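Here is the structure we will look at, set down as structure tokens.
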Amino acid sequence: MITTRFAPSPTGYLHIGGLRTALFSWLWARKNRGEFLLRIEDTDLSRNSDEALEAILKAFDWVGMSYDGDAIYQSKRFDIYKKYIDQLLEEGKAYKCYMSKDELTVLREEQMSKGERTRYDGRYRDFNGTPPEGVEPVIRIKAPQEGNIIFNDGVKGEITIASTEVDDFVIARTGGVPTYNFVVAIDDALMNLTDVIRGDDHLYNTPKQIVVYEALGFEIPNFYHVAMINNEQGKKLSKRDGATDVMEYKTLGYLPEALLNFLVRLGWSHGDQEIFSIDEMIELFEPKNINRSSSNYNLDKLLWLNAHYIKNMPNEQLAIRLKEYSIEVEGHDKLELLLDATKERGKTLVELASQINLIMNAPTEYNPKNVKKAFKGEAKNILADFAMMLKEWERPLHTPPEYHAVIDNFVKSKEIGFGKIGMPLRVSLLGSMTGSGLDEIMAIIGVEETISRIERAIEFVGSVTPTTNI
RNA sequence: GGCCCCUUCGUCUAGCGGUUAGGAUCCAUGGUUUUCAUCCAUGUUACAGGAGUUCGAGUCUCCUAGGGGUCACCA
């Protein structure tokens, strides 16, 4: 059985890099009918925040990734870690180090000035004397002093790191609170993880964790280190790049299925395929197809995917999603028509919402530029005549083709080009020069509203246009 | 700086010793559309550089350059 996990620390929001590794882990577990576990890394009591934790859980919920069982909180497992610390101490695989922070700083500065890698020098590794007074010790683990630590990374291949690069790192701070690399290794082992998929930035933690695995006799899982996601300039993602919080994408009008599809293709591929439903991702995902190089985050592609998912989403479903964007169209008698007429014109739900609002609400103002272009010349009279024709029209007016017939008839009887009525009518109805088809708009709002909007436009034109121009 | 990793169109990527180096996005052009958008078609653009190995190298090896990661009593 495959067991994977996502292990965020509740110190900030969930960002897209984290979401992607979570996605990969989730897909891999689901594909193998294994388990995907959630573990909250909250051993740094001073940096945790409940809001951050809540935001992470909310983001998971929004994208629809479910974890198995209950989330595990490291802060509630200190007694377990304590037990292993004591065990290592007893077995002589760990020791108390009485070096003060000041002494450590001095050592580091010395090493840095010599251009060496900063590392603990092991001065208390075999200490038998009387401990200095007044110093609360930390616990350090005995790391191998020679040879190499070698592991096979599922993405990058065999990684060899010299043991001299790994010092006797602290596993318990003064006060006894255990540190990250120690608890990660213990929890990963205790949770029976088979595959650890995580960010590239953890690559150097792996040898440290292997030291713990070996000291405790745990079985080492498979590691997959996924390269980072950079911004469009190829630099590290930062707050300045916007939308670092996954939930920000919801605010911007992105569908979770588009975001996930975008992320799954960032660093992973299945031949030339671009569009993946969740089920397809689960079916096709293979960690061996994860790219070894880092990738740049590019909004164009996400936007294209989002537009794709909006266009292809059933209208009832779309109506439900739109509720989050202050659009209440569920149960509207022209729902199908309304969404068919607008959903190809919005790349995000926010844009789609504004398209819908344009149709559902009569324009309260007309852009001067549009007025100048669309309401010039005979426009006022033409609109008036068209409104008249609508009023006197005797055939039914419900569907777009039925409205089309009116326009058709109007243009022919007046012997004018479509342009003479098209743009003035559009601006009258929407206040905008672009948008859905006129036939559709009129069919959605109905004949009374159509006439009312035309009359308001005529009134407006009359108030600003010199009579000589009409 | 030490160590580790990475390098194919602007971007995401396919490629797994022999291809006219493919797809997607973006951009441009044309077509469809009464506008816009959608859709369709066409087009421009890439193997970081240099040595090897080989009959043959984007694919293997080495070097150089560039980029990234990491060096905590943070996670």
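Quantities reported herein were computed from a predicted structural model and do not represent experimental measurements.
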Give a yes or no on whether a salt bridge exists between A:Arg345 and A:Glu351, defined as a side-chain N under 4.0 angstrom from a carboxylate O.
no

What's the gap between B:G30 and B:G68 when it is taken at their P atoms, as a whole Å value?
41 Å

Base, sugar-phosphate alone, or nothing: which one does A:Ser46 contact when heavy atoms must sit under 4.0 Å apart?
nothing

Considering only residues two or more places apart or on different chains, which pairs with a residue in residues 99-109 of chain A satisfy side-chain hydrogen bond (donor to acceptor under 3.5 Å, both in side chains)?
A:Ser100-A:Glu103

For a quick check, with a 4.0 angstrom heavy-atom cut-off, what is the B/S/- contact string for nucleotides 8-15 of chain B, read 5' to 3'?
---SBSS-

Taking the six-membered ring for Trp, are A:His308 and A:Trp304 parallel (under 30°), tilted (30 to 60°) or perpendicular (over 60°)?
tilted

Check RNA chain B against residues 406-417 of chain A and give the residues with a non-hydrogen atom under 4.0 Å, in numerical order.
none

Within the sub-3.5 Å range, which N or O atoms of nucleotides 70-74 of chain B have a protein N or O partner, and how far apart are they?
unit_1	atom_1	unit_2	atom_2	d
B:C71	O2'	A:Thr118	O	3.1
B:C71	O2'	A:Thr118	OG1	3.4
B:A72	OP2	A:Arg108	NE	3.3
B:A72	OP2	A:Thr118	OG1	3.3
B:C73	OP1	A:Arg108	NH2	3.0
B:C73	O2	A:Thr174	N	3.0
B:C73	O2	A:Thr174	OG1	3.0
B:C74	OP1	A:Arg173	NE	3.1
B:C74	OP2	A:Arg173	NE	2.3
B:C74	OP2	A:Arg173	NH2	2.5
B:C74	O3'	A:Arg173	NH2	2.8
B:C74	O2'	A:Asp44	OD2	2.9
B:C74	O2'	A:Arg47	NE	3.3
B:C74	O2'	A:Arg47	NH2	3.0
B:C74	O2	A:Arg47	NH2	3.4

Flag yes if more than 12 heavy atoms outside A:Gln317 fall under 6.0 Å of its CD atom; otherwise flag no.
yes

Can you name the atoms? Protein N/O to nucleotides 40-44 of chain B N/O, anything below 3.5 Å, with the distance.
none

Any donor and acceptor pair, going by atom type alone, linking the side chain of A:Lys208 with main-chain N or O of A:Asn181 inside 3.5 Å?
no

Write down the partner of B:C60 under the Watson-Crick or G-U wobble criteria, each distance required to be under 3.5 Å.
B:G52

For RNA chain B, whose closest nucleotide is more 5', that of A:Ser9 or that of A:Glu440?
A:Glu440

A:Lys235 side chain N/O closer than 4.0 Å to the phosphate oxygens (OP1, OP2) of B:G68?
yes

Answer for the Watson-Crick or wobble partner of B:C73, both distances under 3.5 Å, is none

Tell me yes or no: between the side chains of A:Asn148 and A:Thr160, is some donor less than 3.5 Å from an acceptor?
no

C1' gap between B:U32 and B:G49, integer Å:
47 Å

Give the rounded distance in Å between these two atoms: CG of A:Leu38 and C1' of B:A75.
15 Å

Classify the ring geometry between A:Tyr366 and A:Phe460 as parallel (under 30°), tilted (30 to 60°) or perpendicular (over 60°).
tilted

Using a strict heavy-atom distance below 4.0 Å, which residues from residues 419-439 of chain A are in contact with RNA chain B?
A:Met423, A:Arg426, A:Met433, A:Thr434, A:Gly435, A:Ser436, A:Gly437, A:Asp439

Complementary nucleotide for B:A41 - Watson-Crick or wobble, under 3.5 Å:
B:U29

Quick one: does A:Asp121's side chain have a donor or acceptor within less than 3.5 Å of a partner on A:Arg123's backbone?
yes

Lys NZ or Arg CZ of A:Arg140 over A:Tyr120 ring: under 6.0 Å, within 45°
yes

Residue pairs, two or more places apart or on separate chains, that pass salt bridge (charged side-chain N to carboxylate O under 4.0 Å, His left out) and touch residues 160-177 of chain A:
A:Arg117-A:Glu165, A:Arg125-A:Asp168

In whole Å, measure the gap between the P atoms of B:A65 and B:U54 for me.
28 Å

What N/O pairs connect the protein and nucleotides 61-65 of chain B at under 3.5 Å? Give each pair on its own line.
none

Verdict with reasoning, A:Thr206 to A:Arg198, per side-chain hydrogen bond (donor to acceptor under 3.5 Å, both in side chains)
CA-CA 11 Å; A:Thr206 307; A:Arg198 75 217 317 190; 3.1 Å; yes

Whole-Å C1' distance, B:U59 and B:U19
12 Å

Tell me which pairs pass side-chain hydrogen bond (donor to acceptor under 3.5 Å, both in side chains) where either residue lies in residues 252-261 of chain A, with sequence neighbours left out.
A:Glu257-A:Arg321, A:Asn261-A:Tyr309

Test of understanding: with side chain to side chain contact (heavy atoms under 4.5 Å, CB included), list the residues that count as partners of A:Thr174, not counting sequence neighbours.
A:Glu136, A:Val138

Tell me if a side-chain donor or acceptor on A:Asp153 pairs with a main-chain N or O of A:His225 at a distance below 3.5 Å.
yes

Is it true that a side-chain atom of A:Ser428 and a backbone atom of A:Arg453 form a donor plus acceptor pair closer than 3.5 Å?
no

Could you tabulate the donor-acceptor pairs under 3.5 Å formed by side-chain atoms of residues 405-426 of chain A, not counting sequence neighbours?
unit_1	atom_1	unit_2	atom_2	d
A:Asp408	OD2	A:Lys412	NZ	3.1
A:Ser413	OG	A:Asn409	O	3.2
A:Ser413	OG	A:Phe410	O	3.1
A:Lys414	NZ	A:Asp385	OD2	2.6
A:Arg426	NH1	A:Gly435	O	3.4
A:Arg426	NH1	A:Ser436	O	2.9

Check: A:Tyr224 ring centroid to A:Phe24 ring centroid under 6.0 Å:
no

Counter-base of B:A21, judged by Watson-Crick or G-U geometry with both distances under 3.5 Å:
none

With both distances under 3.5 Å as the test, what is the Watson-Crick or G-U wobble partner of B:G66?
B:C6

Counting distance only, does the side-chain N/O of A:Asn306 pair as donor-acceptor with the main-chain N or O of A:Lys347 below 3.5 Å?
yes

Residues forming a side chain to side chain contact (heavy atoms under 4.5 Å, CB included) with A:Ser432, sequence neighbours excluded
A:Leu358, A:Leu430, A:Thr434

Quote, to the nearest angstrom, the P distance that separates B:G22 from B:G15.
14 Å

